[in-house]
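Values below: all heavy atoms of this structure, side chains included; hydrogens, waters and symmetry mates excluded. Counting convention: from 1, in listed order, for ligands and their atoms alike. Nothing fancy with the numbering, it's 1 onward along the sequence.
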Amino acid sequence: MLYQPFLDYAISYMNSRLELMPYPIPEGFESKSAVVGKGKNEETIVTTSHGFATEKLRQIRAAHVQGGKSLQVLNFVIFPQLNYDLPFFGADLVTLPGGHLIALDMQPLFRDDSEYQAKYTQPILPIFQSHQQHLPWGGDFPEEARPFFSPAFLWTRPQETSVVQTHVFEAFKDYLKAYLDFVEQTQPITDPQHLAEIQAAQLRYLRYRAEKDPARGMFRRFYGEEWTEEYIHGFLFDLERKMALGVVNR
Ligand code: DBV
């Protein structure tokens, strides 16, 4: 329930600015439920998937896990088409029994390229700074994930649910707006060398996310290994599959 307003907002805001087309969700993955726990602790865990595409955005997808007050997850990622140099939009909004964990970023294709930073990171730093004062740095996160985050990575672990409903929601809206501004302005890349670099960067990101998906353990416990691996490679992080099918613009 906590993240439903985020999802509703994102879809209606994107609808107001983009020509959204449906993105196919493989059969059996639109909605999946499992009952876990016994007696008083019994809980139904429902995971729903949402997918869209536009001319510039290859896949806009969300996975929404709802399992009562102490298990709510919204993982929302936008993967641009391979002929644009746009960053990825990534939101990982996670509520577990231990508390909330929020990751919000525009993840760069080329982290250490100063021209790229000037284009896609500098403009969001003021937004980052305005929210960071309410959403302090969340501490440890995997060192190997660092290359994939921008300097505007909002990473925080709020104690209070009300902080998620207010400050995190505002940050989410601002990041999404800034991202759609980038999308609006961006022009297709045609230089073959540049296109090859973009493809390599997209694959690097994708392989990392699929391999290290922090939700893998949770999904396996609820829905089993086979369903989980198919969900990860066939929907959540599907670029390699789609490239193999020859359905990716290049
Ligand atoms: N994370 C996903 C997908 C999820 C998901 C597809 C559909 O990439 C949920 C669900 N993230 C999820 C869950 C947890 C996290 C944690 C359930 C909690 C795992 C647990 O504690 O059991 C950002 N997400 C995290 C963590 C980080 C991120 C850093 C903490 C992991 C840790 O401490 O080990 N988002 C995550 C990440 C990238 C990103 C690593 C990399 C580019 O964009």
Side-chain angles (χ1 to χ4, degrees), residues 2-4 6-7 10 23 25-26 29-34 36 43 45-51 59-80 86-111 121 128 135 137-158 164 168 171-172 175-176 179 201-223 227-239:
L2 182 55
Y3 299 116
Q4 188 70 49
F6 289 68
L7 182 58
Y23 188 91
I25 298 168
F29 296 86
E30 304 92 338
S31 177
K32 176 78 176 170
S33 53
V36 301
E43 194 67 75
I45 318 276
V46 182
T47 298
T48 52
S49 300
H50 308 264
Q59 188 198 32
I60 301 166
R61 60 102 185 120
H64 190 196
V65 183
Q66 295 177 277
K69 212 167 163 280
S70 55
L71 179 64
Q72 296 287 321
V73 178
L74 180 64
N75 183 265
F76 176 59
V77 182
I78 301 179
F79 299 92
L86 288 164
F88 304 95
F89 180 90
D92 203 11
L93 313 172
V94 180
T95 299
L96 298 173
H100 309 289
L101 179 161
I102 304 295
L104 188 57
D105 199 11
M106 296 196 204
Q107 299 176 321
L109 289 172
F110 310 108
R111 179 143 187 346
T121 298
F128 168 70
L135 301 168
W137 178 247
D140 281 357
F141 81 98
E143 186 58 39
E144 59 193 3
R146 203 172 289 275
F148 299 102
F149 291 105
S150 83
F153 177 37
L154 207 51
W155 166 243
T156 188
R157 299 173 187 262
V164 176
V168 173
F172 179 79
Y175 273 62
L176 188 59
Y179 190 79
Q202 283 242 6
L203 285 170
R204 207 160 46 230
Y205 177 80
L206 188 99
R207 286 178 183 140
Y208 177 80
R209 296 284 314 254
E211 190 185 323
K212 302 287 171 167
D213 188 345
R216 179 175 263 111
M218 173 185 87
F219 282 137
R220 283 188 175 198
R221 252 182 295 125
F222 299 152
Y223 308 127
W227 185 92
T228 299
E229 294 308 314
E230 193 52 33
Y231 192 46
I232 291 173
H233 296 285
F235 179 65
L236 293 176
F237 302 106
D238 70 355
L239 178 63

Practice task
Under 4.0 Å, heavy atoms only, figure out whether ligand 1 is touched by the backbone of Lys212, its side chain, both or neither.
Solution key: neither
Exercise for the section: Return the orientation label for the Phe141 and Trp137 ring planes: parallel under 30°, perpendicular over 60°, tilted otherwise. Expected result: perpendicular
Practice task
For Phe6, enumerate each residue passing the ring pair (Phe, Tyr, Trp, His ring centres under 6.0 Å) test, keeping only those at least two apart in sequence or located in another chain.
Solution key: Tyr3, Phe169, Phe172
Exercise for the section: Over 60° means perpendicular and under 30° means parallel, so classify the ring planes of Tyr23 and Phe235, tilted if in between. Expected result: tilted
Completion exercise
Quick look: Leu101 vs ligand 1, heavy-atom contacts under 4.0 Å, and the answer is side chain
Handout entry: Nearest candidate to atom 14 (C) of ligand 1, where distance is taken over non-hydrogen atoms, out of Asp140, Leu93, Val94
Key = Val94
Exercise for the section: From the options Arg61, Arg216, Met218, select the one whose nearest heavy atom is closest to atom 17 (C) of ligand 1. Expected result: Met218
Exercise for the section: Select one of side chain, backbone, both or neither to describe which atoms of Leu96 lie under 4.0 Å from any atom of ligand 1, heavy atoms only. Expected result: side chain
Handout entry: Test item, Pro142 contacting ligand 1 (heavy atom, 4.0 angstrom)
Key = yes
Practice task
Taking Arg61 for its side chain and Phe79 for its backbone only, find out whether a donor-acceptor pair lies under 3.5 Å.
Solution key: no
Completion exercise
among protein heavy atoms, the one nearest atom 10 (C) of ligand 1 is Ala215 CB, 3.4 Å
Practice task
Considering only non-hydrogen protein atoms, determine which one is nearest to atom 37 (C) of ligand 1 and report residue, atom name and distance to 0.1 Å.
Solution key: Phe149 CZ, 3.8 Å
Practice task
Among all protein heavy atoms, pick out the one at the shortest distance from atom 5 (C) of ligand 1; state its residue, atom name and that distance to 0.1 Å.
Solution key: Asp92 OD1, 3.3 Å
Problem - Residue selection (non-hydrogen contact nearest atom 30 (C) of ligand 1) among Phe141, Tyr208, Trp155 - result: Trp155
Handout entry: Side chain, backbone, both or neither: Pro214 near ligand 1, heavy atoms under 4.0 Å
Key = both
Handout entry: Distance-only polar pair, side chains of Thr47 and Tyr223, donor-acceptor under 3.5 Å
Key = yes
Practice task
Return a yes/no value for Arg209: is any of its N or O atoms, backbone included, closer than 3.5 angstrom to an N or O of ligand 1?
Solution key: yes
Exercise for the section: Determine, for Phe148 and Arg204, whether the Lys NZ or Arg CZ falls below 6.0 Å from the six-membered ring centre while staying within 45 degrees of the axis. Expected result: no
